[in-house]
Amino acid sequence: MMTAGDSGRAAAFVQTAWFRAGGALLLVTVPVLLWSVLCTAASSGVPWNAARLAPSFALAQGLPVYALRESGQQLGWFYGPGFVFWNLPATLAANPTPALFVAGIWNVLTWLVPVAVVLRAAGVAAGGLAWVGAALAGGLLLGNLVTNYGFYFIHVDALCVGAGLLACVFLHRAVRPGQSRWLAATTAMLLLAVWTKQVAVMLVPAMLVWLWRAGHRSLMRRLVFQGVVGGAVSAIGIFYYFGTQEVIFDLGLVHARNPWRGGPALMFTELGRLLGSAWVWLPLIILVGWLRHTGSRKLPATAASLVSLLGWCALLQLPAGLLALLKAGGGLNSLHTVHYLLVVLLIVSFNAFAQPGSARIGILWLAALAVPLGNAAVFAGNPGSHWKIPQSHERLLALAIEQPGRYYFPWNPLVTLIAERRIQPLDDALYCLWLARLEPPREKIRAAVPPSPVILYEEPAQSHFSLRYFPAAKSLGAGSDRLQEGTKP
């Protein structure tokens, strides 16, 4: 007679109550954690988000996104315009908090939807199972001290990685007989990724290498042709709309003039920090390794081929990510290799889950989920996290509307764009330009803000660099509950 244990071993693990319980845990817990992430991202406690969304509002209002050295209207947008266009839906909001909330939701979807698409394309997660995989990706990223940056900070990385993953899916489909029409979609996603963040340019040689090794030489030539033509056409359009000199200045010259912030010692320190933060992924890696060791299921040809493509993309993006890491203003968020390898892990995991699994495997599965989800819950419980929609931006907006032409918000150009439809220089933009020895003229900076301004920082601010241009200005610090008069250094 077959026992309950024998029955559990006979069934594919993905069909067991253990797996379903884990899936339910993910689909309930991850959205709850993401609610806190969205509330926190919309607060003034993450000042970068208002600054990163400001270029989209500038674009919607017909104001300059890019600026030359001679201008005081410096938003500090040193990336391509892909992200700026992508977040235009958020500009429909009438004040900063809803705009940031919409952008935060958009950011989450941009991270996770491509993961579900990849899992389905690999043939390892059909239907609703792909969304379990996307939720698992969300839990793993949120539980990692380094990668959770991508959710709390609304930045270019989600769109760059998401577009790159979709490019891989479309290229993988294009090599099938009679499916070469998908090459155009591949080119479109590649261009979107590259015009979002410059490091994505290494996706192009990665895909060409994969095509060459797979024997698709004709598709190689077509991808090069479409890439050159598409790149030229998009560049002409971008240069025409935003200004050739302005785009070259912000996307090229500023990065070229940025100093290095360290060498090999810094690189190994940062990589050590990255590896140290990945401990929350170890239980899943161990579980999948055990399943692959004890089982006989291999990756299907479709999944293996897609894993190969993702692997080449991960490998060839590594040097560019490391160089970006070592440049001033760079960080581990530029190391997109991590996200491609995580997607590879998910493909291998869901393939392994298709083989029989016992109750012991089920317990390990729940433990593999509890570790990153528990760590993410700890992060969400930190004093700086929010569980209610904040109102700090509304207080600043009210000030700007009540007294237009009075306040300068160095870390929140979004408020001025919404209230007065004009650009004030971002504090960090002025610092980056100074660091790159491209400091704008002081009179231009002063001309971009009100005469005799009240300078208001949302404390604790990352820097107070703009105060050096206004020695006689009155400075205020905006706390979480009230405005407090501060002192200038």
* Asked: Would you call the rings of Tyr469 and Phe465 parallel, tilted or perpendicular, where under 30° means parallel and over 60° means perpendicular?
  -> perpendicular
* Positive for ring pair (Phe, Tyr, Trp, His ring centres under 6.0 Å) with Trp48, one of Trp411, Tyr152, Tyr149 -> Trp411
* Do any N or O atoms from the side chain of Asn107 and from the backbone of Gly150 form a donor-acceptor pair under 3.5 angstrom? -> yes
* To do: Would you confirm whether Tyr408, through its side chain, and Pro425, through its main-chain N or O, come within 3.5 Å as a donor-acceptor pair?
  => yes
* Hey, is the main chain of Ser36 close enough, under 3.5 Å, to the side chain of Thr40 for a donor-acceptor pair? -> yes
* Look up atom CG in Leu208 and atom CZ in Arg221, then write down how far apart they are to the nearest 0.5 Å. => 12.0 Å
* **Heavy-atom closest pair, residues Gly143 and Phe379** => O-CE1, 3.5 Å
* Could you tell me which non-hydrogen atom of Val115 sits nearest to which non-hydrogen atom of Trp111, and how far apart they are? => CG2-O, 3.5 Å
* With distance as the sole test, does Gln317 use its side chain to make a donor-acceptor pair with the main-chain N or O of Cys313 at under 3.5 Å? -> yes
* If every non-hydrogen atom of Leu183 is compared with every non-hydrogen atom of Leu223, which pair is closest and at what distance? -> CD2-N, 3.8 Å
* To do: Look at the aromatic rings of His339 and His336 and report parallel, tilted or perpendicular, splitting at 30° and 60°.
  => perpendicular
* Asked: Phe57 versus Leu53: any side-chain heavy-atom pair under 4.5 Å?
  -> yes
* Asked: Any side-chain heavy atom of Arg422 within less than 4.5 Å of one from Pro450?
  -> yes
* **NZ (Lys444) with more than 12 external heavy atoms under 6.0 Å** => no
* Interatomic spacing from CG in Leu417 to CG in Asn412 - rounded to 0.5 Å -> 9.5 Å
* Asked: Hey, what do you get for NE2 (His255) to CG (Leu323), rounding to the nearest 0.5 Å?
  -> 13.0 Å
* Structure fact -> Exactly one of Ile347, Val343, Leu342 clears side-chain contact (heavy atoms from CB on, under 4.5 Å) with Leu345, and that residue is Leu342
* Asked: What orientation do Phe85 and Tyr241 show, parallel under 30°, tilted 30 to 60°, or perpendicular over 60°?
  -> tilted
* Short question: side chain of Thr244, backbone of Tyr240 - any donor-acceptor pair under 3.5 Å? -> no
* In Å, rounded to the nearest 0.5 Å, how long is the span from CG of Leu142 to OG1 of Thr147? -> 7.5 Å
* **Donor-acceptor side-chain pairing of Ser334 and Lys197 below 3.5 angstrom** => yes
* So do Pro404 and Ile401 actually touch side chain to side chain, heavy atoms under 4.5 Å? -> no
* Would you say the side-chain atoms of Tyr457 and Ser466 include a donor-acceptor pair closer than 3.5 Å? -> yes
* With a 4.5 Å heavy-atom cut-off, do Asn375 and Asn148 have their side chains touching? -> no
* Specify the closest pair of heavy atoms between Thr196 and Leu192, including all atoms of both residues, with the distance to one decimal. => OG1-O, 2.5 Å
* When rounded to the nearest 0.5 angstrom, what distance separates CD1 in Ile445 from CD in Gln73? -> 12.0 Å
* Verify, without hydrogens or angle tests, whether Asn49 (side chain) and Ala41 (backbone) share a donor-acceptor contact under 3.5 angstrom. => yes
* To do: Classify the side-chain pair Glu394/Thr97 by whether it contains a donor and acceptor separated by less than 3.5 Å.
  => yes
* Taking atom CE of Met207 and atom CZ of Phe170, what is their separation to the nearest 0.5 Å? -> 10.5 Å
* Passes ring pair (Phe, Tyr, Trp, His ring centres under 6.0 Å), Trp312 versus Tyr340? Steps please. -> CA-CA 9 Å; Trp312 279 107; Tyr340 283 80; over 10 Å; no
* Of the non-hydrogen atoms in Arg446 and Pro471, which two are nearest, and what is the gap between them? -> NH2-CD, 4.2 Å
* Non-hydrogen atoms of Gln74 and Ile423 that approach each other most closely -> N-CG2, 4.4 Å
* **Side-chain heavy atoms of Pro96 within contact of Leu397, under 4.5 Å** => yes
* Asked: Is there a side-chain contact between Cys39 and Phe101, using heavy atoms and a 4.5 Å cut-off?
  -> yes
* To do: Return the set of residues passing salt bridge (charged side-chain N to carboxylate O under 4.0 Å, His left out) with Arg261 (not counting sequence neighbours), or none when no residue passes.
  => Glu270
* To do: Kindly indicate, with the supporting measurements, whether the criterion side-chain hydrogen bond (donor to acceptor under 3.5 Å, both in side chains) is fulfilled by Gln424 and Thr416.
  => CA-CA 7 Å; Gln424 292 181 341; Thr416 309; 3.1 Å; yes
* **Validation row: Leu310, Leu165 side chains within 4.5 angstrom (heavy atoms)** => yes
* Any donor-acceptor pair under 3.5 Å linking the side chain of Ser56 with the backbone of Val84? -> yes
* Asked: Quick check: does any side chain N or O of Lys327 sit under 3.5 Å from a backbone N or O of Asn258, one acting as donor and the other as acceptor?
  -> yes
* Which of these, Trp106, Trp77, Phe78, sits in a ring pair (Phe, Tyr, Trp, His ring centres under 6.0 Å) with Phe83? -> Trp77
* Asked: Should the ring pair Trp210 and His172 be called parallel, tilted or perpendicular, given that the plane angle runs from 0 to 90° and is split at 30 and 60?
  -> tilted
* Check against ring pair (Phe, Tyr, Trp, His ring centres under 6.0 Å), Trp387 and Trp35 -> CA-CA 7 Å; Trp387 286 90; Trp35 171 259; 8.5 Å; no
* Evaluate the side-chain proximity of Leu171 to Trp182: yes if any heavy-atom separation is below 4.5 Å, no if none is. => no
* Asked: Salt bridge between Arg468 and Glu439, side-chain N to carboxylate O under 4.0 Å?
  -> yes
